[in-house]
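Presented below is the structure to which this report refers.
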Amino acid sequence: MSINPKKNPVDRTAVSVAFTVGLYGAAFGAAGVTAGFSILQTCLLSILLFSGASQFAVVGIMGAGGSAISAIATATLLGFRNALYGLQMAPILKVGGLKRVLAAQITIDESTAVATLQENDEDRKRGFYVTGIGVYIFWNLFTYLGALGASAIGDPSVWGLDAAVPAAFCGLIWPRLKNKTQFLVSAIAIAWALLLTPIAPAGIPIITTVLLAVIFGVKK
Amino acid sequence: MSAIWIAVIGASVTAFLNKYIGHSVPEKWLNKPGFMRINALVPIVLLSALVGVQTFTNKKELVIDQRFAGVIVALIALRFKAPFPVVVVSAAITSAAIYNWF
């Protein structure tokens, strides 16, 4: 497969999404090092875990002093949407064996989103692979650069990295808030986590907000 | 093995399982309406809680500092549909300015 962003509109969308999202990897790289992860540990999360929200959650929870279990549980719950993307993509990709392993690894928000924008299965496949592989390359490259940059900085507050991390999360939540209930649930989750922080072990204030999702999800 | 290593490897394994399971099970196993509604809310509550904790806490104390100003600016940028890098960088600049000069 040759990629031609100038002539092929699917490639154009895929490559521009991949590059923009990849840049964001620098914010993750910086967040990892700021949270006390080594450059190697930060990069391994991008190579192996490869799902932005879950990666930010792991470094966020460990950085706040949470346990490995609560970091893993939170990241797993956040990553469950990738299983749903896999369900959508499997009948289009029709791959098995090693190819399925590789397709699974690049099944993320962006690759699925670009695929579902296309009009036929041929373009959907192309959109999925070009976006997925493109994000993988740029995300890992910029994670490394971000981690390297942050490790050269002593106090993260001097460069505003302490605010860049929650700002990055805001960017992840914003597109998901489409109605009043979702805004309300978001506000309650923040209040819940803050109320529990002084009294519960780190990580617990975050993972227990899943109860809110269950309550509001079942109610309707 | 340190807690960070356990978190890195453990979360990577479960992330891959999530992805691989989606490609391998029949659709009807996961596609249930109540379950889908809960699942749509899960990222909202977890990420919101993370924003709260990372903006307003220092260890186990609740604090208001330069990070809050940074996040406010990020929200304004998002409100005006700014791209991701602008959101993050404007928050960082705001927070750094307050931290360094006040």
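All values reported here derive from a predicted model rather than from experimental measurement. Chain letters run A, B, ... following the sequence lines, proteins first and then strands; every chain starts at 1.
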Next on the checklist: Asp162(A) vs Gln54(B), test: side-chain hydrogen bond (donor to acceptor under 3.5 Å, both in side chains). Steps then yes/no.
Outcome noted: CA-CA 8 Å; Asp162(A) 53 354; Gln54(B) 299 200 323; over 6 Å; no
Checklist outcome for this item: If one checks every heavy atom of Pro43(B) against chain A at 4.5 Å, the contacting part turns out to be both
Checklist entry - Is a side-chain donor or acceptor of Lys19(B) paired with a backbone partner of Asn82(A) at a separation under 3.5 angstrom? => result no
Next on the checklist: Atom CD1 of residue position Ile69(A) - does it have more than 12 heavy atoms of other residues, nucleotides or ligands inside 6.0 Å?
Outcome noted: no
Next on the checklist: For Ser24(B), which atoms come within 4.5 Å of any heavy atom of chain A: side chain, backbone, both, or neither?
Outcome noted: both
Checklist entry - With a 4.5 angstrom heavy-atom cut-off, which part of Val25(B) approaches chain A: side chain, backbone, both or neither? => result both
Next on the checklist: Taking side chain as everything from C-beta outward and backbone as N, CA, C, O, which of these in Leu93(A) sits under 4.5 Å from a heavy atom of chain B? Side chain, backbone, both or neither.
Outcome noted: side chain
Item to check | Portion of Phe80(A) that has a non-hydrogen atom of chain B nearer than 4.5 angstrom | outcome: both
Checklist outcome for this item: So SG of Cys170(A) and CG of Leu47(B): to nearest 0.5 Å the spacing works out to 10.0 Å
Next on the checklist: If we define contacts as heavy-atom pairs under 4.5 Å, which of Ala91(B), Ser95(B), Ala92(B), Ala40(B) has the most with chain A?
Outcome noted: Ala92(B)
Checklist entry - If you take all heavy atoms of Gly217(A) and Ile38(B), which pair is closest and at what distance? => result CA-CG1, 3.9 Å
Next on the checklist: At a 4.5 Å cut-off on heavy atoms, which part of Ile206(A) comes close to chain B: side chain, backbone, both, or neither?
Outcome noted: both
Checklist entry - For Ile21(B), is it the side chain, the backbone, both, or neither that has a heavy atom closer than 4.5 Å to a heavy atom of chain A? => result neither
Checklist entry - Where on Val21(A) is there a heavy atom nearer than 4.5 Å to chain B: the side chain, the backbone, both, or neither? => result neither
Item to check | Lys60(B) side-chain N/O to Ala200(A) backbone N/O, donor-acceptor pair under 3.5 Å | outcome: yes
Checklist entry - What closest approach, in Å, do Leu44(A) and Val8(B) show between heavy atoms, and which atom pair accounts for it? => result CB-CG1, 4.2 Å
